[in-house]
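In each ligand, atom 1 is the first atom listed, and ligand 1 is the first ligand listed. Quick note: numbers below take in every heavy atom, side chains included, and nothing from hydrogens, waters or symmetry partners.
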Amino acid sequence: MVTSRIPGFYKLPLVERRHAAAEVLGVKVSELESALGLGGFDVKTADKTIENVVGTYALPFALGLNLQMNGRDYLVPMVVEEPSVVAAASNAAKMARAGGGFFAESDEPIMIAQVQLDRVPDVREATRLLIDRKAELCELADRAVPNLIARGGGTRDVIVRDLGEGWLVVHLLVDCRDAMGANLVNTIAEAVSGRIALWTGGRIGLRILSNLADTRCVRIRCAIPPHALVAEGHAGERVRDGIVRASEFASRDPYRAATHNKGIMNGIDPVVIATGNDWRAVEAGAHAFAARSGRYSPLATWRISRGALNEARPAEGEEEGWLVGEMELPLQLGIVGGTLRVHEGARFGLMVSGVETAQELAMLAASMGLASNLAALRALATVGIQKGHMALHARSVAIAAGATGDLVESVALAIFEANNVTVDAARAELMKLTSSFASAAQ
Ligand code: MEV
């Protein structure tokens, strides 16, 4: 059983951190280094993957810690360039642990294939016909994807939507099992469109998946005792109330909801990228889902528990006065095919996650999203976001000023404490430190 608690991990020098990670993951350090050494993707493979390649582009690969989901510990692979995202989400995951971690559930991995028609002579009759012949249509669709059928997936349902003025769209709901499913679904849409046109007499338009994958949602919940929320000089109850107010702000204002949701995606996208998944699809789906009521809304909301007995849904471990976070969003992720075929780093990321199904990966990514949201709201409701952010940002500024090795930490600490996180200040500090080393060496 993997543990996601590795106290002091962030303080270790990189080499030792790699050793600690390899030990927890049960792999050799050499395996970790070979998978991630060159960012997990060599230029020759890159050249075969997309067009016009002139190189590759690396990003940091980190481990999110402390995460517990459905009673199990997970190390979370995260690829992201923004300082403080990993630290903040790991810290919030630790708070959630105090209430039993994250409780997650997932829909079946069903994607939507859209076949669009216009100039349909009789929309009512066409709809009736398509619904009557649903089984035939599903069978035709399944014949186009034999490998998916062999893996236990397949077309589960057909829905017809009237878009007005002779426009009609047919949705085929396809269980993609452990694949993200874009190719499968697009194949199906193209395979059945001829028959649909024949039956309806309409003109075929687009045949493509929908990234509003609202048949493939995950739901995450956590309940946190106030004592776990205490922040510098702020009592737990006060922090809890601040988070609930911040949540209400996001519900009242789409301008705030967008930033609130960005904070959620800060936790989700790094996992999506680290496991070789399509983050554009995930982003498109998340924001379309956030706007499904016609008003852009927060994907996660926070409230104070009135106690497990009073809740509509029996809440595990939840007690009166605890902070409860809930989130729902579509997550179209795969653990087979796609980028995983070519990207060693993505395969390593998937191994790190320890998940066995695409649904489990989606729940894991979403848990990190809720953790990330909690971290942001807690900071915003107390000391503000800049303090923690600047402490970490100071490191990049120190590097930009030319600091290397141990000097990075020394310069970063000095400019942060002087409340002057700028490249000029870092250069001055670096000069001071290097000249004092030089004179000490003489
Ligand atoms: C920054 O990357 C994300 C936040 O703006 C999210 C939020 O405001 O909730 C801090």
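- Closest to atom 10 (C) of ligand 1, if we only count protein heavy atoms, is I385 CD1, 3.7 Å.
- For the side-chain contact (heavy atoms from CB on, under 4.5 Å) test with L331, the passing option among N277, V282, D107, L361 is V282; the others fail.
- Heavy-atom proximity to L380, at under 4.0 Å, picks out these atoms of ligand 1: 7 (C), 8 (O), 9 (O).
- Of all atoms in ligand 1, numbered sequentially from 1 with element shown, those under 4.0 Å from a heavy atom of G263 are 6 (C).
- Here is the list of ligand 1 atoms found below 4.0 Å of a heavy atom in E82: 1 (C), 2 (O).
- Using a distance-only test at 3.5 Å, with no hydrogens or angles considered, a donor-acceptor pair links the side chain of R292 to the main chain of F289.
- Within a 6.0 Å sphere centred on CD of E23, heavy atoms belonging to other residues, nucleotides or ligands number 12 at most.
- There is no protein heavy atom less than 4.0 angstrom from atom 4 (C) of ligand 1.
- A cation-pi arrangement, defined by a distance under 6.0 Å to the six-membered ring centre and an angle within 45 degrees of its axis, is present between R72 and Y74.
- Nearest-residue assignment for atom 8 (O) of ligand 1 (options R256, K262, M265, H260; heavy-atom criterion): R256.
- For N373, no heavy-atom contact with ligand 1 is shorter than 4.0 Å.
- Using a 4.5 Å heavy-atom cutoff, the side chains of W279 and V271 are not in contact.
- Ligand-side atoms of ligand 1 in range of T259: 5 (O), 6 (C), 7 (C), 8 (O), 9 (O), range being under 4.0 angstrom from any heavy atom.
- R252 forms no cation-pi arrangement with F249, by the criterion of a distance under 6.0 Å to the ring centre and an angle within 45° of the ring axis.
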